[in-house]
Structure formats: structure tokens, C-alpha cells
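The chains referred to below are lettered A, B, ... by the order of the sequence lines, with proteins before strands, and numbering in each begins at 1.
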Amino acid sequence: MSRSLKKLLGLLLTLLSISLVVFIIMNVIPGDPAITILGIESTPEARAVLRDKLGLNDPAWQRYVNWLLGAFHGDFGVSYSFGVPVSELVAERLPLTLTLALVATVLTIVGALALGAIAAMNHGNWIDRLLSMTSQIGVAVPVFWLAMILVIVFAVQLRWVPPGGFPGWSHPVAGAKALILPACSLALVQTAILARVTRAAILEVARLDYVRTARSMGLNRRQIMLYHILPNAMVPIVTVAGLQFASLITGTIVIENVFYLPGLGRLMIQSIGNRDLITVQALVVLFAVMVVLTNFVVDVFYAWIDPRMKEGRT
Amino acid sequence: MSSIRFNICIGGALVAVMSVAALLSVVWTPYDHTVLNVANKFAGPSGSYWLGTDQLGRDQFTLLMIGARTSISMAILAVGLGAIAGTCLGVAAAAIGGLVEDAIMRLADFTIAFPAILVAIMLAAAYGPSLSTTIIAIASISLPTFTRVSRAAARQVWTQEYTVAARAGGRSLSAITWNHVLPNIQAVLLVQATIDIATAILAEAALSYLGLGVQPPDQSWGRMLADAQTLIYLAPSLAILPGLCMVASVMGFALLGDGLRDLNDPKLRNETR
């Protein structure tokens, strides 16, 4: 019990540190946020008005506390460039970003399990070597470049899917079609990583005694793989997949900009162009919190699925 | 050929080709990349333009050479910065121990949890995108890794008899760190740096593509791809070469790093003999 409490406290402390660090880097060190938002060419009068409007005349600690208390209520302030509350902008765009990350995670897990199992079952022969070489290259491929190549092949040449944009949730078929390429490009690189983990985990379990026993009892290779090896090889696979979900969340920032998808990542890059400090600050915290929470869930899951992990962690 | 030697040979070759192109671009490129020649735009590969020209009539080969220079130099700078800061923290943690060590490791954990792209976005929004914000953001990937790696390696050295003897002889913590710890962990650090450079090249490319990295008139592979994307119907071939160069250099550094790491590991080295 005290261990879980300690973990929870650690999580809270991490979340608080994130908000503090982001606030200091974006709000305190640059000096005057009014200059950042309006630019150096702005008049002192305009800056004074904005400073007054945003409450920038208060001391930094008070601004931080106000911002934090507001954030707890879902109030991240009003976007400077859009003129609407940041929470509204987030609520509109979060579903797309999360859907994208989730679909990509599912694709990654399915693809990696299949490829990893195939590689492990062909351990040492040319199929194994071909797959491991492919995954070696896959890890080195920049996601946004892969996305562009997929666009050239499947959208520009074959015209199977649109090259970008999102028609909205009211058009389910067209919407799903628009998400195929983004999700695949996000998933492919991560599949390369996870397939290697899967292959290693399966090979590790495959040489254990009970697998040999199962084989001697006359079970066929498929049965052994599905019922005896895979379930026991899941711990490292699920752990890495969980951590990959975190990198897929940040991966959406780049991918949404390749495909012009109206998600949080695109909003973030647009807001930088608009010098919309308030929105960027809220989004950076939001993304960091999602990443930290994912890691936390993976950590808890890890201890739950394999109680040995609770003791003696490195 | 053993897989270790294979990794080092292929990785080394790729790194060598990219580095030579990068270094050569400082003194010589086929054309001047700042001179536009719109009459020759979208030219195919030919004797005068080996890889063709882009939408502004600039020679692709020249741009790729300059891209190699940008990518590799920024990766080395960023990793170097992260490595120096991270190693300082790591060896200090190992030498001092106690609360200081705990605090430093907590800081490393925290930095690892904070994705580099968010650091870059934060800095770009608050200070404007520039070379230095990109380098700091990429360095933030390497810093915590080096803190962890150097601390783990340094602790190993601190348990050795020669460091115990040096302490008994009255030498200070910093003197032992400088004379005994650092020379003994430099191989590990070098391997880590090689692997991190691969990551850094990918990060720089993504940031430059998003417009948060290298700013015009500087060129990089990421920026070439950002330009190429707007012309994806008109000239799709422009999108291919910069990406291939990235894959080649990232794979080069990753293979070289893996190979060097295995070479450093006596267990693996003996297995292959």
C-alpha cells in the first residue's frame, strides 16, 4: 500500500514539476510575454494593454498559481490568436489526435506480433534475416519522410486515399479513409521496433522446458505458439508497446502536419506561427502530462502482470 | 564475417561517405546553392546537374551535400553538448553519492519523461525558432542518457581497488574522477555518443521539417523535404533523395554504434572469435 502511495505521490510531483518548468521556461525567462506575443515592433501602449488584460503585472509566482488553479478546472485561458478558450480548441481536436495514436498503436501491436512470431518461427533462416534487416532499416526511417513516400504512392499515383485533410466525423467512411495513411506511417516505424522485441521475447520463452514438454506431447507448432509461448512472452511486448504509445502521441505532432489533420499537433505548430503563447503553453503541458501518465500506467501494469517486478527494480 | 565486424564496416562506410560530403561542402560544391536559376527548374539528372534541380533551379547534389553538413554538424554539436553536461552530472553523482546523487538521478528521470519535440516547441514559441533552440532541444535527449550511462560506469570504477587506494592516499574526489574515472569510462561514452548522433539526425530533420529547426537561407534535408511536400504532385522525385540520405546516415551511425558497443563487450567479442 505504502508503495502505491509513494508512486502516486511521485506522479503528482512529476506533474507539478512539469507545469512549473514549462511556466518558467515560457513565461518567466523570456522576460515580457507581451513582447513575445506582439513582437518587438509593437508599441509600448499595445503591450501595456495586453499586459493588463492577461494579468501580467502580477508577480510571477501569483501568475503561476492562478494558471495552475485554472488548469485544474480545465481553464487554460483564452487563445490569443483564435479568441476562444483554449479548452474549447483542445476539446475539438483531442479526439482526432487520440484516435490517430490509438489506431496506430493497435496496428503496431498486430503487425509486430505477426512479424515477430514469423521471424522467431523461422529463427536463423533467410526469412528471419530478411525481417531483421528490414526492421533495422525501418528504425532509421524518419516518420514524416515515410509518410510523404506513402502519399506519393497511394494518394498521388494510385489515388486510393486522399493526400491529406480531414472531412470531419460526420463522414465516417471518408474520415476513416483520411486516417489510413497517417496511422500507417506512424505505425510502420514503431512496428519495426516492436517486432524486434517480440522476436527476442518469443525466442527467450521458446527455449524453456515446458515448451519442450508441450512439443513432446505432440502439440503442433501453431498451438504451442498461440497458447504456450505468446502469453508468456507478453510482458516485455506490452511494456514496450505502452512506452511506444507515448512516442506515438508525440509522433502525431509531426504526422498531423504532414497530412494537414486538424488535431492538437497541428494546432501547436500553428500557434507557434501565431505567437500564441497561451495556447502553446497549455498544449505542451497537455502533451507532457499524457506522456507521463502513459509511462505511469505502463509502470503499474508491469508490476501487476509480473509481481516479481515489484521487488528489486533497477 | 562476424556480425560485429559487418556492422562496423557498413556503418563506418556510410558515416565516412556522409562525413566526406559534409566536409567537402565547406570548400567545394558543384554549384552555389544561394544562386537561383529559375530557367533550369525541375531539370532531370544530366551531365551538368547530376541529380537534377529543384523548383528554384538549384542543383540537388549541392543541396544534399550542404544538408549533410547541417545534419551531421548539428547532431555532433547537440550530442556533444548533452554529453558534456550529462557526463558532468553523472560522474558527480557517482563521486558524491547520497542526496546529491538522488537529486541528479531524479532530474535525469524527469528530463527523459519530457519529449524533445516539446522542448523544441516550447523554446521556439517563447524565443523564436533558431539554430540554438534546436541544438538545446536535441541536447535534451542526450543529457539524461549520458547522466545515467556515465553514473553507472563511474560507480563501477569507484569500486575498483585503485580508486580506493587513491582515496586512501588522500586524493580529492574531483582528482580521482579526472584521473581515474573519466579515462576508464570514455569508451562507453564514445559508443553512446555514436548511437545518440543517429537519434539526433532524426530529431533535427523532424524539427527542420516542421519549421522549428534550421531557418532559411540555411539548408538541411528536413527543409528540403518540407519544400518538396508542397510540390508533391509536380515533382515527387524531389522528396526521395533527401530521405534516402537521412536513412543512410542514421543507419550508418546506429550500426557503427552497435558494432562498437559489442566490440567493447568482452563477452560478445570472445563469442565471435
Side-chain angles (χ1 to χ4, degrees), chain A residues 10 13-14 17-18 21-22 25-30 33 36 136-149 151-153 155-157 163-164 189 246-247 249-251 253-254 257-258 265 268-269 271-277 279-281 283-285 287-288 291-292 295-296 314, chain B residues 3 7 10 14 106-107 109-129 152 198-199 201-207 209-212 221-222 225-226 228-229 232-234 236-240 242-255 258:
Chain A
L13 209 68
T14 309
S17 319
I18 286 176
V21 167
V22 172
I25 291 181
M26 297 193 64
N27 243 302
V28 182
I29 302 178
T36 313
Q136 189 116 48
I137 298 174
V139 176
V141 173
V143 178
F144 63 95
W145 180 60
L146 181 72
M148 285 174 69
I149 299 297
V151 167
I152 291 176
V153 175
V156 176
Q157 303 290 339
V189 173
S247 43
I249 289 178
T250 48
I253 301 175
V254 179
N257 282 284
V258 179
M268 186 125 81
I269 302 299
S271 301
I272 294 176
N274 295 338
R275 292 175 175 169
D276 191 343
L277 214 56
T279 308
V280 177
Q281 186 173 314
L283 288 175
V284 168
V285 170
F287 270 90
V291 169
V292 168
N295 291 344
F296 179 75
T314 48
Chain B
S3 75
N7 283 355
I10 301 286
L14 287 172
R106 274 285 152 79
L107 188 75
D109 289 345
F110 180 75
T111 320
I112 281 184
F114 213 100
I117 189 165
L118 292 183
V119 178
I121 283 171
M122 204 156 65
L123 295 177
Y127 309 91
T199 319
I201 291 175
L202 280 177
E204 186 274 327
L207 291 176
Y209 170 79
L210 287 176
L212 303 178
W221 293 330
L225 284 179
Q229 196 188 1
I232 214 154
Y233 280 97
L234 214 56
S237 62
L238 287 180
I240 291 168
L244 285 181
C245 288
M246 273 186 230
V247 175
S249 41
V250 172
M251 265 189 76
F253 279 102
L255 286 176
D258 279 354

Side chains of Asp258(B) and Gln136(A) in contact at under 4.5 Å (non-hydrogen atoms): yes

Met251(B) versus Ile137(A), closest heavy-atom pair with distance: SD-CG1, 3.7 Å

Atom group of Ala198(B) that falls short of 4.5 Å from chain A, counting heavy atoms: neither

Minimum heavy-atom distance Leu202(B)-Val139(A), with the two atoms named: CD1-O, 4.1 Å

Heavy-atom pairs under 4.5 Å with chain B, option from Asn295(A), Val280(A), Ile25(A), Val291(A) with the top count: Ile25(A)

Which residues share a side-chain hydrogen bond (donor to acceptor under 3.5 Å, both in side chains) with Asp276(A), sequence neighbours left out: Ser79(A), Ser81(A), Thr279(A)

Chain A contact via Ala228(B) - side chain, backbone, both or neither, heavy atoms under 4.5 Å: both

Heavy-atom side-chain contact between Phe114(B) and Val292(A) under 4.5 Å: no

Engaged part of Ile240(B) at the chain A interface, taking heavy atoms whose separation is under 4.5 Å: both

Donor-acceptor contact below 3.5 Å, side chain Trp145(A) vs main chain Gly222(B): no

Atom of Leu277(A), atom of Ala125(B) and distance for their closest heavy-atom approach: CD1-O, 3.6 Å

Segment of Gln281(A) engaging chain B (4.5 angstrom heavy-atom cut-off): neither

Minimum heavy-atom distance between Leu225(B) and Met148(A), given as atom pair plus value: O-CE, 3.4 Å

Interface moiety of Pro115(B) toward chain A, non-hydrogen atoms closer than 4.5 Å: side chain

Proximity breakdown for Leu146(A) and chain B, heavy-atom pairs closer than 4.5 Å: neither

Candidates Ile121(B), Leu118(B), Ile117(B) - the one meeting side chain to side chain contact (heavy atoms under 4.5 Å, CB included) with Phe287(A): Leu118(B)

Choice from Val258(A), Val141(A), Asn274(A), Leu283(A) maximising heavy atom contacts with chain B below 4.5 Å: Val258(A)

Best-contacting candidate, Ala126(B), Ala226(B), Ala124(B), against chain A by heavy atom pairs under 4.5 angstrom: Ala126(B)

Closest contact, heavy atoms only, Val247(B) versus Pro142(A): CG2-CD, 4.0 Å

Tyr233(B) to Pro163(A) - nearest heavy-atom pair and separation: OH-CG, 3.3 Å

Atom group of Ile149(A) that falls short of 4.5 Å from chain B, counting heavy atoms: side chain

Pairs touching residues 110-126 of chain B that satisfy side chain to side chain donor-acceptor pair (under 3.5 Å), sequence neighbours left out: none

Ala254(B) portion near chain A, given a 4.5 angstrom heavy-atom threshold: neither

Best-contacting candidate, Asp109(B), Leu210(B), Leu207(B), against chain A by heavy atom pairs under 4.5 angstrom: Leu210(B)

Structural part of Val22(A) lying under 4.5 Å from a heavy atom of chain B: both

